[in-house]
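Keep in mind that what you see is a predicted model, and the values were worked out from it rather than measured.
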2 protein chains.
Amino acid sequence: MSDTDRPPLVAPAPAEAAAYVRDARERRAFCTLLGRCHVAYDGRTTSHAGPADRLVALKPDLTLLVHAADGPKPQNWLAADALDVDVADGALLLTATRESPTEELCVTFESIEQAAAMAADETDATVEISGTEADLKERVLADPALVEPGFRALAAERDTPAGPVDVFGRDSSGRAVAVELKATRAGPDAASQLSRYVDALRRDLHADADVRGILVAPSCTPRTRRVLARDGHEFVSLEP
Amino acid sequence: MSDTDRPPLVAPAPAEAAAYVRDARERRAFCTLLGRCHVAYDGRTTSHAGPADRLVALKPDLTLLVHAADGPKPQNWLAADALDVDVADGALLLTATRESPTEELCVTFESIEQAAAMAADETDATVEISGTEADLKERVLADPALVEPGFRALAAERDTPAGPVDVFGRDSSGRAVAVELKATRAGPDAASQLSRYVDALRRDLHADADVRGILVAPSCTPRTRRVLARDGHEFVSLEP
DNA sequence: CGTGCCAGGTGCCCT
DNA sequence: AGGGCACTTGGCACG
């Protein structure tokens, strides 16, 4: 534990917990509160959640998260720009607010089981992600033959009236090819998108331009196959 | 603190932390770990994040969350169906896995500052949300005149070849009206959606059917206004 | 700031 | 499971 850290609390009184949270906020520390609380949010919508055991987390950047026992998403959250910590009616009250848009998240603790905190170091915590659509694009541009033998990639994000085509190129016989990329299993929307691009390119290039459409993704759903077939387009299986 | 709760830990040895996490998991407790860790995810994509101070939360339903100091979203997460807790090379190792799709999230702690836990009660923690699109729809159906005087709502989610229209009705002079609802500030996509519905209804009803389109939302962006005007549709400001 | 689009989107409901 | 769509979507890039 670093010099400035504070030991965790067990079943603190509201005032003690309030001081703990204020201290954590000043030190730009992570702070977690485990206890029974109810929650009110007012902003883009309005919500209320009755008393239950929850995990409330305060991040150094004033993000406040309220987690119930189930599910990966918080029940409520707020990227706040101000936090009030008060004791009212013998309860700890966290009021996080934000302007533009105006939002308020208020957590009222009936009881707190445990509180913990840790000052965050300045280490870069960046996540490196691979296997995204951007990676798939790189892969296709680096080795266009992965799409099909003889394919030449001429442009990425080529603009059309219908929006940018992921990859534009020509096949071994010189026909224009629009490639739509998806990093995960593709749905019908990807096939529709491809059709829009192909149509736009046909108009864009020449009235009678022959443009092929290829959907490149690890896999696609059955209905997507049908849409592709209907529009005369193709599917190529490729992992990012 | 309930009988079964365990006191929080301060700078525990890996083995002690491992026992704490395993115990929390068995009791279906919330568990939070504050410390320095690195993270690896493999599943829909692949990601890696180097050592940094993070907040790791384990929920009773085996959801594992990894939060860095910034932002409301976790850096990594997994709604797991199995969790391995091990000590390897003097480090606590959390390995959460899931099948279908196959995913794995692995958190390795170099050091742990604090650990806390709380068994979750069975209280219903449901959030009541209002101000959603569903609420706006209720409001319009209950009082159609809010859209405009004399408007009659005839159907919600009326099917068209272009998808379901939020509200379908007729105005005071008997003309068909398609209403598209948005609970928040509407963007151009909402106007496009409305146009698709109106076009579909014109074909659906009669070749020469006169169909009006109205976008109902608290507000809309400038470009959205332009799209509406171009297509001859209208905007009505209404809060959910 | 508005617009467009990806995301490990998630969640809900329906077929 | 697939399909469609809302969501306090969040996030980034770009005009």
Side-chain angles (χ1 to χ4, degrees), chain A residues 39-47 63-66 70-80 96 98 100-105 127 129-137 157 159 162-164 166 180-193 218-227 240, chain B residues 40-47 63 66 70-79 98 100-105 127 129-137 157 159 162-164 166 180-193 219-227 240:
Chain A
V39 190
Y41 165 79
D42 190 29
R44 307 184 221 195
T45 64
T46 301
S47 79
T63 297
L64 189 62
L65 301 167
V66 180
D70 290 74
K73 290 190 68 173
Q75 274 192 333
N76 290 100
W77 69 94
L78 188 64
R98 168 191 180 139
S100 171
T102 301
E103 294 177 281
E104 182 179 273
L105 178 58
V127 196
I129 303 177
S130 50
T132 64
E133 184 175 313
D135 292 303
L136 183 55
K137 181 165 64 182
E157 306 299 328
D159 274 330
D166 286 336
E180 173 63 26
L181 304 173
K182 289 295 162 190
T184 57
R185 185 173 181 81
D189 55 332
S192 309
Q193 212 173 330
S219 63
C220 72
T221 63
R223 176 139 177 58
T224 306
R225 284 268 185 195
R226 269 197 68 248
V227 176
Chain B
Y41 165 78
D42 191 30
R44 307 184 219 197
T45 63
T46 301
S47 79
T63 297
V66 180
D70 289 73
K73 292 190 68 174
Q75 276 193 331
N76 289 100
W77 68 94
L78 190 62
R98 166 190 183 141
S100 171
T102 301
E103 295 176 280
E104 182 178 274
L105 178 57
V127 196
I129 304 178
S130 50
T132 64
E133 183 175 315
D135 292 303
L136 182 55
K137 181 165 65 182
E157 305 301 327
D159 274 329
D166 286 336
E180 173 64 26
L181 304 173
K182 288 294 163 192
T184 56
R185 185 174 180 81
D189 56 331
S192 309
Q193 212 174 328
S219 63
C220 71
T221 62
R223 175 135 178 58
T224 306
R225 284 269 185 194
R226 268 198 68 249
V227 176

Roughly how far apart, to the nearest Å, are dC6(C) and dC7(D) at atom C1'?
16 Å
If you compare every side-chain N and O of S100(B) against the phosphate oxygens of dA1(D) (OP1, OP2), does one of them come in below 4.0 Å?
yes
Once you apply a heavy-atom cut-off of 4.0 Å, does K137(A) come out as touching a base, just sugar-phosphate, or nothing?
nothing
Close residues, residues 185-193 of chain B, relative to DNA chain C [heavy-atom separation under 4.0 Å]
R185(B), P188(B)
Determine the contact category for P101(B): base if any of its heavy atoms lies under 4.0 Å from a base atom, sugar-phosphate if only primed atoms, P, OP1 or OP2 are that close, otherwise nothing.
nothing
Restricting to side-chain contact (heavy atoms from CB on, under 4.5 Å), what partner residues turn up for S130(A), sequence neighbours left out?
D135(A), T46(B)
I'd like the P distance from dG4(D) over to dT8(D), given in whole Å.
23 Å
Any residue meeting salt bridge (Lys or Arg N to Asp or Glu O under 4.0 Å) with K137(B), in chain and number order, not counting sequence neighbours:
E157(B)
Please find the pair of heavy atoms, one from P240(A) and one from P218(A), that lie closest to each other, and give the distance.
CD-CG, 4.0 Å
Set of salt bridge (Lys or Arg N to Asp or Glu O under 4.0 Å) partners for E103(B), sequence neighbours left out
R44(B), R98(B)
Got a sec, which residues hit side-chain hydrogen bond (donor to acceptor under 3.5 Å, both in side chains) with T63(A), two or more places apart in sequence or on another chain?
D61(A)
Residue whose nearest DNA chain C nucleotide is more 5′ - A79(B) or P222(B):
P222(B)
Check P164(A) against D159(A) and note the closest heavy-atom contact, atom names and distance.
CB-OD1, 3.9 Å
Could you tell me which residues satisfy side-chain contact (heavy atoms from CB on, under 4.5 Å) with A190(A), sequence neighbours excluded, listed by chain and number?
K182(A), A186(A), L215(A)
Span of DNA chain C, from the first to the last nucleotide whose atoms fall under 4.0 Å of chain B heavy atoms:
dG2(C) to dT10(C)
What pairs with S192(B) under side-chain hydrogen bond (donor to acceptor under 3.5 Å, both in side chains), at least two apart in sequence or on another chain?
none
Provide, to the nearest angstrom, the distance between the CG atom belonging to D166(B) and the P atom belonging to dC5(D).
10 Å
Report, as a single string ordered 5' to 3', how protein heavy atoms within less than 4.0 Å touch nucleotides 8-15 of chain D: B base, S sugar-phosphate only, - not at all.
BSSS----
According to side-chain contact (heavy atoms from CB on, under 4.5 Å), who are the partners of R185(A), at least two apart in sequence or on a separate chain?
S219(A), T221(A), P222(A)
Could you pull out all residues at least two apart from S47(A) that satisfy side-chain hydrogen bond (donor to acceptor under 3.5 Å, both in side chains)?
N76(A)
Going by side-chain contact (heavy atoms from CB on, under 4.5 Å), name the residues that satisfy it together with E104(B), two or more places apart in sequence or in a different chain.
T95(B), T97(B)
